[in-house]
Participant: 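Once you've had a glance at the structure underneath, I'll fire off some questions.
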Amino acid sequence: MGRASLTRNGVTILAGVFAALGFANVQVGAKHTQSAKEPIQIVADLSEAPRRIFRAEIDLPVTAGPLTLTTPQWIPGTHMPVGPVAKIAGVAFTANGQTLLWRRDEVDLYQFHLTIPSGVTNLHAHLDCIVSDRVSEKVAMLEWESLLLYPAHIAVREIPVQPSVIVPAGWGIGTALTPMAPGSNPVPAAGSTTRFAETDVEQLEDSPILTGEYFHEFLLAPEISPKHVIGVAADTPEEAALKAPVLAEIANLVREADKEYGSHHYHEYHFLLTVSDVAGIGGLEHGQSSDDGVGDKDFTESERRPAIADLLAHEFTHSWNGKYRRPASLYQPDFATPQHGELLWVYEGMTQYLGNVLAARAGLKSPQEYREVLAFWAAWMDFTAGRNWRSTEDTAVAASLLRDIDRWGNWTRGQDYYFEGELLWLDIDTLIRKTTNNHKSLDDFERLFLGKGGNTGPAIVPYTFDELAATLNQVMPYDWASFLHDRIDNVHEHADFDGIRRGGYDVAYQEELSASEKSMVQAFPKWLGSLEEWFSAGVLVNADGSILDVRWNGPSYEAGLAPGDRIIGVNGRVYNGDLLRAAIRDAKGKTEPIHLMVQRESYLRTADIDYHGGERYPVLKRNGETSAYLDDIVKPLASSPNAAEKK
Ligand SMILES: [Zn+2]
């Protein structure tokens, strides 16, 4: 519906805005280069996905002479140079039945140089990609950067491409790409090729394909236009058939987003969900879809839910915040130019805030779970010692360095703009609510900022810090520029708890893990360990006693512990997790330290932790503020007429 009404490629960029920002080179209608007149044809063959092999057959229109082809390097949404060129194998080029030699560029390793013989107008390329993520025996997600090959040094939105896919026999397909055959069955005939309408390389990279043996597609909130569907592929047939109550909550999410943002920037929206421990937990945003992964039973067992409850809401929100409205310096006309991360505290931080709020409004999490997760992240940020030397802005500028921090991550900091941003936007929301006596809120800002220009198809409207501050001023006159610069650019010893306090709550500590913390520990053991000693003795420990991280300058740091050490004894007895917790409880209010025996490599050492504060786990407690804005913020804005309908 309406796809052909925009530009030829289905994507529009608001050219006037770009021109105003000096982005004239990426306006719609910029001259196509010679090599980009005819569409590239790409057939992605996922038949061997269970063996972790994706294949591509690519036909490129060419003319005689030197040609440089490239694969994507800087991947939107990851904000990092993580295009999987290292996983590409079996590269072969042929023309008129002859094999052509190729040579990799010695500086830009994503580029392939060839010389096209005279008389040749079509170049055929074959490549395989060895995939390790988002794939299992029964499920595969194709992010097109795995297989894309196109002329270098051209804006990717200027390169037309016509994609097709082959999937294993009997597997279903979910994608926001437009099928060539309208209304085609999501389960194609065995061995057949499913063709999609022509698009461009930028939009194809933004349009993943989900396929799976156990595949269902559900229509969500049918009263809302345009169409929203969720495609689900799982490792078992039971997990793929999402239950009615879960579908009703996801449909509510569509309704809540419709109310919150008051506009949309897609022709259809497809949640593409894998339910698979093997394919993994995580999400990647796209304009018209999202690549979402949860573990087995994450939606069916309530105690597992809090850890993943905001995933769909987060990635869906990115369709507005990140895809449609994008920091000007983060958007680049190709996938070779580095993206600048300085405004990621908006792109990711505001999305982190809105994703949790919308998940709570939709019923995907309860108000209590909302507060538990918020308490955890607020305390986690407050206990991140690296905040004493590194600003939130620096975590954003250096984002591409900070995804997989290993040892002493507490001192280096990770991509903390997510959670610092969440606290910041809560601060802003409650400040607007309190100052305007609850007549205005961040909801008003979102409609102005994310809804700018009304309904569109997929489009990119870049923004700057100045526009952000000016739009906040439209909602509530205030010195927002100084407010933002102070919180983002400066180093602060403590995390920003102002929004929580103004919202009617304080960060407090209790002696038991919250239900949400238990869920997060179960979902992310490699990152959180058991979590049991972090906010007390200052050490993250796995069940086997191995240490994941030590809080810089905390009690365990003072005792000489280091990440990679393994605790093997507690107060003269062989280590187990219960014993360490009991030792922390017993040391409360006393002077005798906790005595540990620790293994580092092949050496043993003793370590005495001089900590006497007992067990501590963060929680929000109601304070003396009369208005509990935090409770208001998570109240639904939309009504929920009926549950989702099976398509
Ligand atoms: Zn995100």
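Numbering of ligands and ligand atoms starts at 1, following listing order. What you are looking at is a predicted structure, and each value in this text was computed from that prediction instead of being measured.
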Participant: Protein N, O or S atoms less than 2.8 Å from the Zn ion (ligand 1), ignoring waters?
Facilitator: H314 NE2, H318 NE2, E348 OE1

Participant: For F483, does the six-membered ring have the charged nitrogen or CZ of R487 within the cation-pi criterion, i.e. under 6.0 angstrom from the centroid and within 45° of the normal?
Facilitator: yes

Participant: Does the side chain of H314 pick up a donor-acceptor pair with the side chain of D310 at under 3.5 Å?
Facilitator: no

Participant: Parallel, tilted or perpendicular: which describes the rings of H318 and Y347, with under 30° parallel and over 60° perpendicular?
Facilitator: tilted

Participant: Decide if atom CD of Q522 counts as having more than 12 heavy atoms of other residues, nucleotides or ligands within a radius under 6.0 Å.
Facilitator: yes

Participant: Say whether Y505 and D631, considering side chains only, have a donor N or O and an acceptor N or O under 3.5 Å apart.
Facilitator: yes

Participant: Taking atom types as modelled, find out whether N321 and Y261 have a side-chain donor-acceptor pair closer than 3.5 angstrom.
Facilitator: no

